[in-house]
Number of protein chains: 2
Amino acid sequence: MTAYTPGQAAEETGFSLDTLRYYERIGLLEPIERNAVGQRRFSDDDIGWLGMIRCLRDTGMPIAEMLRFAELTREGAHTIRDRIALLEAHDRAVENQIAALRQKQGAIQRKIRYYRDVLAIPDALYACEGERASAS
Amino acid sequence: MTAYTPGQAAEETGFSLDTLRYYERIGLLEPIERNAVGQRRFSDDDIGWLGMIRCLRDTGMPIAEMLRFAELTREGAHTIRDRIALLEAHDRAVENQIAALRQKQGAIQRKIRYYRDVLAIPDALYACEGERASAS
DNA sequence: GTGGCACCTGGAGCGTGCTCCAGGTCAAGC
DNA sequence: GCTTGACCTGGAGCACGCTCCAGGTGCCAC
């Protein structure tokens, strides 16, 4: 079982040192092991947990909900159903997020096409025309 | 050409009254027309522009960049190439965002499957096993 | 003429999620 | 023995994007 210095943990997980400390402070990480002089030593488990945290963060889960998940995890195996429920809800949220992005992206692409068309026709035709409309 | 009261504009665009005023203040909207007593009357063009703004916001464009886009738009037709470039860059950003979401979503779904498996096997087997690993 | 309502302004405040800072400890290298 | 560098703590500060507030105007209905 490897032990990671804070610097290595930051490197490994992509979180900053400050963020790692912050996450421990708010209880998103349980207290990290310390060496003889009080410096943190992250375990493989910590790094794995941080990987999960990164997934949830990067998919837009608010910290409050990750805290809830962390609590459930700390409470032990009898909360597994709750954790599944939480993750499934989040999975659906991510799905909706993606669908919404795709839809808005379509509108943006239409706008790009509109601009291209404007460039393709002679100046006179688009001079004063209400080009700000469209989209949504 | 319809004129929308602030309330109607809010209704129509999904932005709050405060947000509409805020957007005007910071120059994301050009100054909105006023009626005789100084109340705003949004035009169809304003509503269309707000639709565009909503697209960009909802796909994660920061306000500073929307301001840049608004400026280009105000500067007239000769900035259309720049606007295309800006929107194309954003389109790619959205694409990357979606790809990243899909990838993280995969990890979350694997975690869900993992939990399901844990539920499916007899208690003894998962009692003290490092279940916090995986993900990323 | 009194309420109630929709709106106005400038400016303060807020929630989220970090990020930075001052002042300190230890270990290693020169 | 001194510097450098990685780390420590508690607490303040910050960027972003709104959101709220106090105090006021004008219009309409009763």
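First the proteins, then the strands, lettered A, B, ... as listed; each starts at 1.
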The complete set of ring-ring contact (aromatic ring centres under 6.0 Å, His included) pairs with one or both residues in residues 59-107 of chain B, sequence neighbours excluded, reads B/W49-B/F69
Give a yes-or-no answer on whether the side chains of B/D82 and B/T79 include a donor-acceptor pair shorter than 3.5 Å. no
Note, B/Q105 side chain near A/T59 side chain (heavy atom, < 4.5 Å): no
Residues two or more places apart in sequence or in another chain: which of them pass salt bridge (charged side-chain N to carboxylate O under 4.0 Å, His left out) with B/R102? A/E95
Using salt bridge (charged side-chain N to carboxylate O under 4.0 Å, His left out) as the criterion, list what pairs up with B/R116, not counting sequence neighbours. A/E88
Using heavy atoms and a sub-4.0 Å distance, could you list which residues of residues 34-41 of chain A are near DNA chain C? By number, please. A/V37
Non-neighbouring partners of B/R21 that pass side-chain hydrogen bond (donor to acceptor under 3.5 Å, both in side chains), sequence neighbours left out: none
Taking CD in A/E11 as the centre, count heavy atoms belonging to other residues, nucleotides or ligands within less than 6.0 Å. Is the count above 12? no
Contacting residues from residues 13-29 of chain A, given that a heavy atom lies under 4.0 angstrom of DNA chain D: A/R21, A/R25
Which residues within residues 59-69 of chain A lie with some heavy atom under 4.0 Å of an atom in DNA chain C? A/P62, A/I63
Mind jotting down which residue pairs meet the ring-ring contact (aromatic ring centres under 6.0 Å, His included) criterion with at least one end in residues 7-40 of chain A? Sequence neighbours excluded, please. A/F15-A/Y23
Can you list everything that forms a side-chain hydrogen bond (donor to acceptor under 3.5 Å, both in side chains) with B/E24? Sequence neighbours excluded, please. B/R40
Students should find this one: the first and last nucleotides of DNA chain C, 5' to 3', lying under 4.0 Å from a heavy atom of chain A. What are they? C/dG17 to C/dC26
With sequence neighbours excluded, residues passing side chain to side chain contact (heavy atoms under 4.5 Å, CB included) with B/A9: B/Y4, B/L20, B/F42, B/I47
Is there a side chain to side chain contact (heavy atoms under 4.5 Å, CB included) between B/I84 and A/L119? Walk through the geometry before answering. CA-CA 10 Å; B/I84 290 176; A/L119 282 184; 3.7 Å; yes
In short, side-chain hydrogen bond (donor to acceptor under 3.5 Å, both in side chains) pairs touching residues 61-72 of chain B with sequence neighbours left out are none
